[in-house]
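Data first, discussion second: the structure below is written as structure tokens.
Bear in mind that the values here come from a model prediction, so they are computed numbers and not experimental data.
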Amino acid sequence: MKGIVFNAAEKAVTSLMGADTWDDLLDAAGSDGVYTALGTYPDEDLLALVMAASEATGHSPADVQRLIGRHALEHLIPAVADLVDTDGSVFDFLASVHEIIHIEVKKLSPDARPPDLVPELLATDLLQLTYRSERGLSALAEGLILGAGDIFAQPVIVSVPDDLQSDGETVIHVHRVGP
């Protein structure tokens, strides 16, 4: 996993709970916490941080991923600011992530392995995103989607139908709330 994800997670945790909490999570996860944006680190490092946060807070690992994702997106957007029209639609942004942002990520870091994120507009207020990744971090993706709603000031509700999940693939429904 690219270091920029760890950097965004750190900023999310420190802004929500303070730098001491981030340091405590690093200690509990057995990590030195040195993550450079373009560096590549084992997925297990992020999972260990999520587990440490889960144990510290009593929240499920999936809830921790959602919380981190929701607050990390605001720290990831500046890295791709020239690719994002924050005056546009949250659905347009979400639909562009895989075909625009992930392509640019791979150009900058050929070893990057971003998830596949396949959009399908089901109704004017319902976008279906099919998340494919061997990492199993679909809850993090849900949080990032919620964060996109926050950034675009277009609130969304995220749901994952139980019958639309399988190994390595999760179908996420994104409902736009309001006009």
(Q) For a 4.5 angstrom cut-off between non-hydrogen side-chain atoms, does Leu146 reach Val156? (A) yes
Q. Between Ile151 and Leu140, is there a shared hydrophobic cluster once you connect ILVMFWY residues whose side-chain heavy atoms come closer than 4.5 Å?
A. yes
**Q.** Glu134 bridged to Arg113 by N-O distance under 4.0 Å
**A.** yes
(Q) If I take atom OG1 from residue Thr40 and atom NZ from residue Lys2, how far apart are they, to the nearest 0.5 angstrom? (A) 2.5 Å
Q.
If hydrophobic clusters are built from ILVMFWY residues whose side chains come within less than 4.5 Å, do Ile103 and Leu38 share one?
A. no
(Q) Are Leu122 and Val90 linked, directly or through intermediate hydrophobic residues, by side-chain heavy-atom contacts shorter than 4.5 Å (ILVMFWY only)? (A) no
Q. What about Val118 and Ile101, same hydrophobic cluster or not, with Ile/Leu/Val/Met/Phe/Trp/Tyr joined at side-chain heavy-atom distances under 4.5 Å?
A. no
Q.
For the OH atom of Tyr35 and the CD atom of Glu10, what is their distance to the nearest 0.5 Å?
A. 9.5 Å
Under 3.5 Å, which donor-acceptor pairs do the side chains of residues 47-55 form with other protein atoms, sequence neighbours left out?
from	atom 1	to	atom 2	distance (Å)
Ser54	OG	His59	O	2.5

Q. Minimum heavy-atom separation for Tyr41 to Gly3, with atom names?
A. CE1-CA, 3.6 Å
Q) Applying the 4.5 Å side-chain criterion to the ILVMFWY set and letting contacts propagate, would Ile100 and Leu76 be lumped into a single cluster? A) yes
Q | His75 side chain near Asn7 side chain, heavy-atom distance below 4.5 Å | A | no
Q: Look up atom CD1 in Ile172 and atom CG in Leu117, then write down how far apart they are to the nearest 0.5 Å.
A: 7.0 Å
Q: Evaluate the criterion side chain to side chain contact (heavy atoms under 4.5 Å, CB included) for residue pair Thr21 and Thr14; output intermediate values, then yes/no.
A: CA-CA 7 Å; Thr21 300; Thr14 57; over 6 Å; no
Q | Heavy-atom check, side chain of Arg70 versus side chain of Leu144, under 4.5 Å | A | no
Q) Do the side chains of Glu169 and Thr130 get nearer than 4.5 Å, heavy atoms only? A) yes
Q: Taking the side chain as every heavy atom from C-beta outward, state whether Gln154 and Ser89 have any atom pair closer than 4.5 Å.
A: yes
(Q) Salt bridge or not between Asp43 and Arg135? Use side-chain N to carboxylate O under 4.0 Å. (A) yes
(Q) To the nearest 0.5 Å, what is the distance between CG on Leu25 and CE on Met17? (A) 7.0 Å
Q) Where the side chain of His98 meets the backbone of Pro115, is there a donor-acceptor pair that is under 3.5 Å apart? A) yes
Q: Grab the two heavy atoms, one from Ser138 and one from Gln65, that are nearest each other, plus how far apart they are.
A: N-OE1, 4.5 Å
**Q.** Residue pair Phe93 / Ile77, side-chain heavy-atom distance below 4.5 Å
**A.** yes
Q) Which one of Val174, Val160, Leu129, Leu137 satisfies the side chain to side chain contact (heavy atoms under 4.5 Å, CB included) criterion with Glu142? A) Val160
Q) If you measure from OG on Ser15 to CH2 on Trp22, what distance do you get to the nearest 0.5 Å? A) 11.5 Å
Q) Any donor and acceptor pair, going by atom type alone, linking the side chain of Ser60 with main-chain N or O of Asp63 inside 3.5 Å? A) yes
Q.
Whether Asp111 and Lys106 form a salt bridge (side-chain N of Lys/Arg under 4.0 Å from carboxylate O of Asp/Glu) is what I want to check.
A. no
Q. Excluding sequence neighbours, so at least two apart, what forms side-chain contact (heavy atoms from CB on, under 4.5 Å) with Leu121?
A. Phe91, Leu127
Q) How long is the span from the CG atom in Leu67 to the NE2 atom in His71, to the nearest 0.5 Å? A) 5.0 Å
Q.
So His173 and Pro161, do their side chains get closer than 4.5 Å, heavy atoms only?
A. yes
Q: Work out which heavy atom in Val105 is nearest to a heavy atom in Ala112; give both atom names and the distance.
A: CG1-CB, 3.8 Å
(Q) So Thr36 and Ile4, do their side chains get closer than 4.5 Å, heavy atoms only? (A) no
